[in-house]
**Student:** 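Shown below is the structure under consideration.
Remember, predicted model here, so these are calculated numbers, not experimental data. In what follows, every chain begins at residue 1, and chains take the letters A, B, ... in the order their sequences are listed.
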Number of protein chains: 2
Amino acid sequence: MITPTPRQSDSPSAAHDRVYRALRTRIMHGEFPPGQAMTLRGIGKMFDVSMTPSREAVRRLVADGGLNLSASGRVSTPELSNERIEELAAIRALIEPELASRALPRAHMALIERLQTINGTIAELVAKHDDVGYIRANLEFHRTLYLRAQAPAMLALTETVWLQLGPTMRALYSRLNRTEVPHNHRLIVAALRAGDEPGLRLAVRSDVTQGLRMLAV
Amino acid sequence: MITPTPRQSDSPSAAHDRVYRALRTRIMHGEFPPGQAMTLRGIGKMFDVSMTPSREAVRRLVADGGLNLSASGRVSTPELSNERIEELAAIRALIEPELASRALPRAHMALIERLQTINGTIAELVAKHDDVGYIRANLEFHRTLYLRAQAPAMLALTETVWLQLGPTMRALYSRLNRTEVPHNHRLIVAALRAGDEPGLRLAVRSDVTQGLRMLAV
DNA sequence: ATGGGCGCAATGTGATCACAAATCGCACAA
DNA sequence: TTGTGCGATTTGTGATCACATTGCGCCCAT
């Protein structure tokens, strides 16, 4: 702001990168509704940086679909058409079973217990009607499993799909009154225990597809 | 450079966007070897813009994997490990058959003839040992087919995989002496003619996998 | 009260500058 | 000849500024 050269340049974390990661996480977790408008100066003020780093963060987020850029350069979270939502769901249904399948041979007891703990957290958040928390915990469940697949490119790609769906998921889940942990999460854990690869693929695919299917209404 | 406000702001094409698209195309088509270093000022000079637009273009390209950013902020084309190459090939093998399958019911004679024309072009480029041209025509073959799938998100995702593989493909194909059009391209066209969906999936998967398989050497 | 038009505020874009870190080269010593 | 340290140049980062355009609000006329 007034300080001419305050922060050390880049070693710990460049400003633009800090803005990027923070914004990305918040979008992915559904903290913004679809179509939410933002301004470069506003983002800059939000993180106490100038326009330059916030512009760079926005560029990256636009590149992976987390933000939309209007023809005049205005920034906003995406408003997805039904076709686009179904397509993104199809991508998830294609990749995530593959990730789960690759994780299966490496899924030891400690991992399964961690997944069950997350399911417990989800149950609490459902009871509290904490939608943002629910989305975050739900994604954490999937990410925890997929990390075992040792497939970073596939995981990164999946996360950009989650990012694109973030605002829509928030809008979707907020008009949905969940009462319990998704049944498919329990099926996933059970299939992991049993080493049942086809069952695991099916459960993951169902879990991914079910939430987005009610958009067709 | 010296001009204070020369170009009209953004309507036709913002400078950063022009730089982004040009650079992205060149990387995807394999015009740079893996590990090729670049500088923001150099990119700016290359397109006759200042550092600001080239920085933004680089940010976007880093976001979708077309460029790597070292810890000190240095920019270079990615040098992929064998594991990463195999993973990207697996992603292609997962998504591209799906795209082809979705394109199949919409593939009329005009499309098939366009694909055959591209195959003819590929034959010429193979004869001329034009690697960059070969990669470009090869990707054009796939993109022409996939455009019919009416699945823009899937296609965009596939293109980012191509982008990541660009420099590696160039390095790979240049130490490979092709003598003819890939057999699988002809199989793809034949399966389209016959309306043979399983055969199409198999041909696409084989075509995608074969080129990258010899990396395991 | 409503609709249209004008003007100003807000916003994105790109150039430039100052600065810090990193990298490279060269000289000197072992 | 080879390894090491120092200094200059290169390079990325972030702030700021000028400017064009967009869009919003307000005012006036009907």
Side-chain angles (χ1 to χ4, degrees), chain A residues 1-24 27 32 35-63 65-79, chain B residues 1-24 27 32 35-63 65-79:
Chain A
M1 316 279 280
I2 310 100
T3 49
T5 54
R7 326 188 179 289
Q8 62 277 45
S9 70
D10 50 352
S11 328
S13 69
H16 68 89
D17 202 56
R18 186 167 49 89
V19 174
Y20 168 74
R21 282 201 303 267
L23 220 43
R24 179 184 164 101
I27 295 170
F32 304 103
Q36 174 72 254
M38 302 180 182
T39 67
L40 297 182
R41 287 173 175 85
I43 293 170
K45 199 172 288 185
M46 187 191 254
F47 294 96
D48 200 51
V49 295
S50 84
M51 284 173 61
T52 310
S54 65
R55 237 197 305 183
E56 299 176 25
V58 164
R59 294 279 176 261
R60 292 175 66 178
L61 288 166
V62 169
L67 287 176
N68 264 354
L69 212 56
S70 85
S72 68
R74 259 30 182 228
V75 183
S76 61
T77 55
E79 297 181 277
Chain B
M1 314 282 280
I2 311 97
T3 50
T5 54
R7 326 188 178 291
Q8 61 276 46
S9 68
D10 51 350
S11 326
S13 68
H16 68 89
D17 202 56
R18 185 168 50 88
V19 174
Y20 168 75
R21 282 200 305 267
L23 219 43
R24 179 185 166 101
I27 295 171
F32 303 104
Q36 174 71 253
M38 303 180 181
T39 68
L40 296 183
R41 287 173 175 86
I43 293 169
K45 199 170 290 185
M46 186 192 255
F47 294 95
D48 200 52
V49 295
S50 83
M51 286 174 58
T52 312
S54 66
R55 237 197 305 186
E56 298 176 26
V58 164
R59 293 280 175 260
R60 291 175 68 179
L61 288 166
V62 168
L67 288 176
N68 264 354
L69 212 56
S70 84
S72 67
R74 247 58 168 207
V75 183
S76 60
T77 55
E79 296 182 277

**Student:** Look at the side chain of A:R55 against the base of C:dG12 and say whether a donor-acceptor pair falls under 3.5 Å; ignore hydrogens and angles.
**Tutor:**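 No such pair is found, so the answer is no.
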**Student:** Output the rounded distance in Å from CZ (A:R60) to P (D:dT13).
**Tutor:**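 Rounded to whole Å, this separation is 10 Å.
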**Student:** Looking across every strand, which nucleic acid part, if any, lies under 4.0 Å from B:T39 by heavy atom: base, sugar-phosphate, or nothing?
**Tutor:**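 Sugar-phosphate contact only - B:T39 comes under 4.0 Å of backbone atoms but never of a base.
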**Student:** I want to verify a distance call: between D:dT16, D:dT11, D:dG23, whose nearest atom is closest to the A:T52 side chain?
**Tutor:**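 Per side-chain heavy atoms of A:T52, the pick is D:dT16.
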**Student:** Do any side-chain nitrogens or oxygens of B:S72 fall under 4.0 Å of OP1 or OP2 in D:dG12?
**Tutor:**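 Answer no for this pair, as no side-chain N or O of B:S72 is under 4.0 Å from OP1 or OP2.
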**Student:** Can you find a heavy atom in the side chain of B:V62 that is under 4.5 Å from one in the side chain of B:N68?
**Tutor:**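 Side-chain contact under 4.5 Å: no.
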**Student:** Provide, to the nearest angstrom, the distance between the CZ atom belonging to A:R59 and the P atom belonging to C:dG12.
**Tutor:**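 Result: 9 Å.
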**Student:** Give me the atom names and distance for the closest heavy-atom approach of A:V19 to A:A57.
**Tutor:**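 In terms of heavy atoms, the two residues are closest at CG1-CB, 3.6 Å.
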**Student:** Would you mind reading off the distance between B:F47 atom CZ and C:dA15 atom P, rounded to a whole angstrom?
**Tutor:**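 Computing the B:F47:CZ to C:dA15:P distance gives 14 Å.
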**Student:** B:T77 side chain to B:G35 main-chain N or O, any donor-acceptor pair under 3.5 Å?
**Tutor:**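 Pair found, side chain donor or acceptor close to backbone of B:G35.
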**Student:** Considering only C:dG12, C:dA15, D:dG12, which nucleotide approaches the side chain of A:M51 most closely?
**Tutor:**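 For the A:M51 side chain, the nearest candidate turns out to be C:dG12.
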**Student:** Nearest-Å distance, CD1 (B:I43) to P (C:dA15)?
**Tutor:**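 Result: 14 Å.
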**Student:** Evaluate the side-chain proximity of A:R55 to B:R59: yes if any heavy-atom separation is below 4.5 Å, no if none is.
**Tutor:**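 Not in contact.
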**Student:** To the nearest Å, how far apart are A:E56 CD and C:dT13 P?
**Tutor:**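 Those two atoms, CD and P, are 13 Å apart.
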**Student:** Of A:P53 and A:R74, whose closest DNA chain D nucleotide lies nearer the 5' terminus?
**Tutor:**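 Upstream on the strand: A:P53.
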**Student:** C:dG14 C1' sits how many Å from B:L40 CG, rounded?
**Tutor:**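 For the pair B:L40 CG and C:dG14 C1', the rounded distance is 14 Å.
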**Student:** At less than 4.0 Å, is any side-chain N or O atom of A:R41 found next to OP1 or OP2 of C:dT13? Yes or no.
**Tutor:**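 Looking at the OP1 and OP2 atoms of C:dT13, neither is under 4.0 Å from any side-chain N or O of A:R41.
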**Student:** What heavy-atom pair brings A:G42 and A:T39 nearest, and what distance separates the two atoms?
**Tutor:**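 Heavy-atom minimum between the residues: N-OG1, 2.9 Å.
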**Student:** Expressed in angstrom and rounded to an integer, what is the separation of A:L61 atom CG from C:dG12 atom P?
**Tutor:**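 Distance, rounded to whole Å: 14 Å.
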**Student:** Of all the choices, D:dG12, C:dG14, C:dG12, which nucleotide is nearest to the side chain of B:H16 once you look at every atom?
**Tutor:**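 So the nucleotide nearest the side chain must be C:dG14.
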**Student:** Tell me the interatomic distance from A:D17, atom CG, to D:dG14, atom P, rounded to whole angstroms.
**Tutor:**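 The distance from CG of A:D17 to P of D:dG14 comes to 9 Å, rounded to the nearest Å.
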**Student:** Would you say B:S50 places a side-chain N or O within less than 4.0 Å of OP1 or OP2 belonging to C:dA15?
**Tutor:**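 Affirmative; the distance criterion is met.
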**Student:** Among D:dG14, C:dG14, D:dG12, which nucleotide sits nearest the side chain of B:A14?
**Tutor:**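 For the B:A14 side chain, the nearest candidate turns out to be C:dG14.
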